[in-house]
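What you see is a predicted model, and the numbers here were worked out from it, not measured in a lab.
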Amino acid sequence: MAYTVAQNTSFLTIASILQKVISFFYFIFVARMINVENTGVYFFAISFTTIFTVVADFGMGPVLTRETARFPDRAPQYFNTVFWTKIMFGFAAYALIILCVNVLNYPVNTKLLIYLSGITMFFDNLTTSFNSIFRAKKNLMFESITIIAAQFTTLVIGTLALLSHWPLFWLIIAYTIPSFLTVIYMAVALKKVYAITIRFIWNSRVFKIFLATALPFALAGIIGRLYSYSDSLLMSKMLTAKELGWWSVPYKITFAFQFIPVALSASVYPVFSGLFLTDKTAIASLFEKSWRYLFAIIFPLAFGLIAIADPVIRHIFGAQYEPSITAMRILLVSLIFGFLALITGALLNGTNKQKIQTSLISVALALNIGLNLWLLPEFGINGAAISALVSNMLLCIAGFYFSLRQVPIQVKNILVSLQQTLWPAVGMGIVVYLLSFKIHYLVTIVVGGTMYIGLLYYTQVINKELIVTVMEKIKLKKRVV
C-alpha cells in the first residue's frame, strides 16, 4: 500500500491542520486558565525534554526511512534493530534529562514537570520507528491518524484537569497517556498492513552500519533541537518565568504552522533519496515545485498575521500577553525562511549530503546563541525573535546555495514563483493592516484572503486551466466513490 507525494502530503497536511487547530485552541485555554508564570513553566518543561528526543532517536529515524525505501525486503530486520536501539537510547536520554535538570538546579515543580515530560519523550521516540517504516513505504495515512487521535486525547484529559483545578503536572500527563497509546496502535497497524512485528531481532552489523550512517543525522538533529530551543534554555536562566510565558505565545502561534513544510518534507525526502540513484533532474523539478507551493502559503500567512498581530494577541490570549506582539511579528518573518530551509535540508539529507546540512545547522546554532547572549539582556523576548530571524535567514540562504551544487535547480523558475506570490501577499498585508483599525480583525482575514486569491489569479498562479483541472479531479473522485 503506497501513495503519491501529493496524497501523502494531503494526509499529513490535513491531519496536522486538525492537530494544530486542536492544539492551538487548547493552548489558548491553558494560557487563559493559568497565569503567565505557570504558562512559562509549562511551556519550558515541554521545550526542555523536546531537546533530548533527538538523543533518544540518534538519527536512526531518517536512516531507517532512507534504507527501507531503497531495500524494502530488509524492512523487518531494519525495523527491529532500530526499535530496540531506540529503547536503549531512550533510557540513556532520560537519564541525561535527570542529570541536566539537577545540574541546572531548576525549582522542584519545574523538575517534576520535566520528569513527566521525559516519559512522553520516551514513547514518542518509539513511535518514530513505526513512522519511519510507513514513510519508507510511502504511506503516511496511519501517522496522520495518530496525530489527530493523540491531540484529541490530550485535549480531553487536559480540559478535564483545568476545569477540575488539578495540579499543573496533569497537563503533562495529558500528553503522556496518548503517547503510550500511539505506540500500541502503530505496532498493531504495522503488523496488519505490512506483516512486520516487534521481535527481539538485533543485528549488530545493521546497528553498526546504521549508527555510522546516522551519526551526521544525529548530530544534525541534536544541533537542530538546540537551535530550535536554545533561546528557551537561555531565557530560563536569563529572564523570568513571566517573560517565558510571553515568549510561549508567539512561539506557539508560529510553530503551529510548521506542519506545512514538515508534511511536505516528510513526503519528498524518501522521493529525493530514491531519485538520487537514478534522476537528479527530477529532484530539481520536485524541489522547485515544493518551494513554489510554500511561497503561495507562507507569504500570505506571514504578512497577514503580521498585519493583525495586535488584535490577535489582545483578543485571543488577553491583555496580559501584550508584550508578545512585537516578538510575534519578528518570528513571522523568520517563519518564511524556516519553511524554505526545511526543504533544502530534506534535499541535502536525501542526496547523502547530511554532513553539509549538519555544518549549516551548527553555524546557525552558534550564531543564534551568540545573538541571544548579546540581545536578551537588552531586548528580552524581542531579542530572541531577532536572533531566530537572522539565523533562519542564514540557514535558508546557505542551504539553497548548497542545494544548487547538488542538483540542477532552475533559479529562474524560483524567481518567477517568488515574484508571482510575494507582492500579492505584501499588498494584501498592507490592506489588512489598514482595515484592522476600522473593522473586526476576523472580517479583515476574509477580505485579505479574497484579495490574495484574486491577485494570484492576476499573476497567473491560479488560472482557468488550473481551476478546470481541479474541478475535473473532484468530479472524478465523486464518480469513483
- Item | Verdict with reasoning, S403 to I409, per side chain to side chain contact (heavy atoms under 4.5 Å, CB included) | CA-CA 8 Å; S403 295; I409 298 170; 4.0 Å; yes
Nearest atoms (heavy-atom pairs only) where [X] meets [Y]:
{"X": "T176", "Y": "L116", "result": "OG1-O, 3.7 Å"}
{"X": "M238", "Y": "L373", "result": "SD-CD2, 4.1 Å"}
{"X": "G399", "Y": "L348", "result": "O-CD1, 4.4 Å"}
{"X": "E288", "Y": "N413", "result": "OE1-ND2, 3.0 Å"}
{"X": "L244", "Y": "S236", "result": "CD1-CA, 3.9 Å"}
{"X": "A136", "Y": "A69", "result": "CB-N, 3.7 Å"}

Atom pair [atom1] ([X]) and [atom2] ([Y]), whose distance is rounded to the nearest 0.5 Å:
{"X": "F58", "Y": "L215", "atom1": "CZ", "atom2": "CG", "value": "5.5 Å"}
{"X": "F79", "Y": "L64", "atom1": "CZ", "atom2": "CG", "value": "8.0 Å"}
{"X": "I336", "Y": "M393", "atom1": "CD1", "atom2": "CE", "value": "10.0 Å"}
{"X": "N372", "Y": "S387", "atom1": "CG", "atom2": "OG", "value": "3.5 Å"}
{"X": "I253", "Y": "I28", "atom1": "CD1", "atom2": "CD1", "value": "7.5 Å"}
{"X": "I114", "Y": "T49", "atom1": "CD1", "atom2": "OG1", "value": "7.5 Å"}

- Query: Does F180 CZ have over 12 foreign heavy atoms under 6.0 Å away?
  - Reply: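 For F180, atom CZ is not crowded (no more than 12 foreign heavy atoms under 6.0 Å).
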- Query: Do other residues, nucleotides or ligands put more than 12 heavy atoms under 6.0 Å from F152 CZ?
  - Reply: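 12 or below, so no.
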- Task: Determine, step by step, whether L294 and F299 satisfy the side chain to side chain contact (heavy atoms under 4.5 Å, CB included) criterion, reporting the C-alpha distance in whole Å, the side-chain angles of both residues, the deciding distance to 0.1 Å, and the verdict.
- Result: CA-CA 8 Å; L294 292 180; F299 288 148; over 6 Å; no
Are the side chains of [Y] and [X] in contact, using a 4.5 Å heavy-atom criterion?
{"X": "W166", "Y": "L160", "value": "yes"}
{"X": "I343", "Y": "L347", "value": "no"}
{"X": "I97", "Y": "M121", "value": "yes"}
{"X": "W84", "Y": "I198", "value": "yes"}
{"X": "L104", "Y": "K237", "value": "yes"}
{"X": "S232", "Y": "F48", "value": "no"}
{"X": "I381", "Y": "M235", "value": "yes"}
{"X": "F83", "Y": "I201", "value": "no"}

Ring centres of [X] and [Y] under 6.0 Å apart?
{"X": "Y94", "Y": "F52", "answer": "no"}
{"X": "F130", "Y": "F142", "answer": "no"}
{"X": "Y194", "Y": "F134", "answer": "yes"}
{"X": "F400", "Y": "W291", "answer": "yes"}
{"X": "Y78", "Y": "F71", "answer": "no"}

- Any chance you could lay out the side chain to side chain contact (heavy atoms under 4.5 Å, CB included) test for V390 and L371, step after step, and finish with the verdict? CA-CA 9 Å; V390 175; L371 288 173; 3.8 Å; yes
Check for a donor-acceptor pair, side chain of [X] on one end and backbone N or O of [Y] on the other, with a separation under 3.5 Å.
{"X": "N392", "Y": "F337", "value": "no"}
{"X": "T127", "Y": "F123", "value": "yes"}
{"X": "T154", "Y": "A174", "value": "yes"}
{"X": "T254", "Y": "L332", "value": "no"}
{"X": "S334", "Y": "A388", "value": "yes"}
{"X": "S117", "Y": "L113", "value": "no"}
{"X": "D57", "Y": "G61", "value": "yes"}

Establish, from distance only, whether the side-chain atoms of [X] and [Y] form a donor-acceptor pair under 3.5 Å.
{"X": "T68", "Y": "K137", "result": "no"}
{"X": "Y42", "Y": "S248", "result": "no"}
{"X": "S230", "Y": "N368", "result": "yes"}
{"X": "W202", "Y": "T85", "result": "yes"}
{"X": "D124", "Y": "S179", "result": "yes"}

- Query: Think K111 forms a cation-pi with Y106, using NZ or CZ under 6.0 Å from the six-ring centre and within 45 degrees of its axis?
  - Reply: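 Relative to the ring axis of Y106, which defines the angle, K111 lies outside at least one limit.
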Please work out whether the ring planes of [X] and [Y] are parallel, tilted or perpendicular, with thresholds of 30° and 60°.
{"X": "F317", "Y": "Y321", "result": "perpendicular"}
{"X": "Y175", "Y": "Y26", "result": "perpendicular"}
{"X": "Y251", "Y": "F43", "result": "perpendicular"}

- So, E143 and R135, do they make that salt bridge, N to O below 4.0 Å?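 A salt bridge is present here (some side-chain N lies under 4.0 Å from a carboxylate O).
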- Take V82 and F207 through the test side chain to side chain contact (heavy atoms under 4.5 Å, CB included) and record every step on the way to the result. CA-CA 7 Å; V82 169; F207 169 74; over 6 Å; no
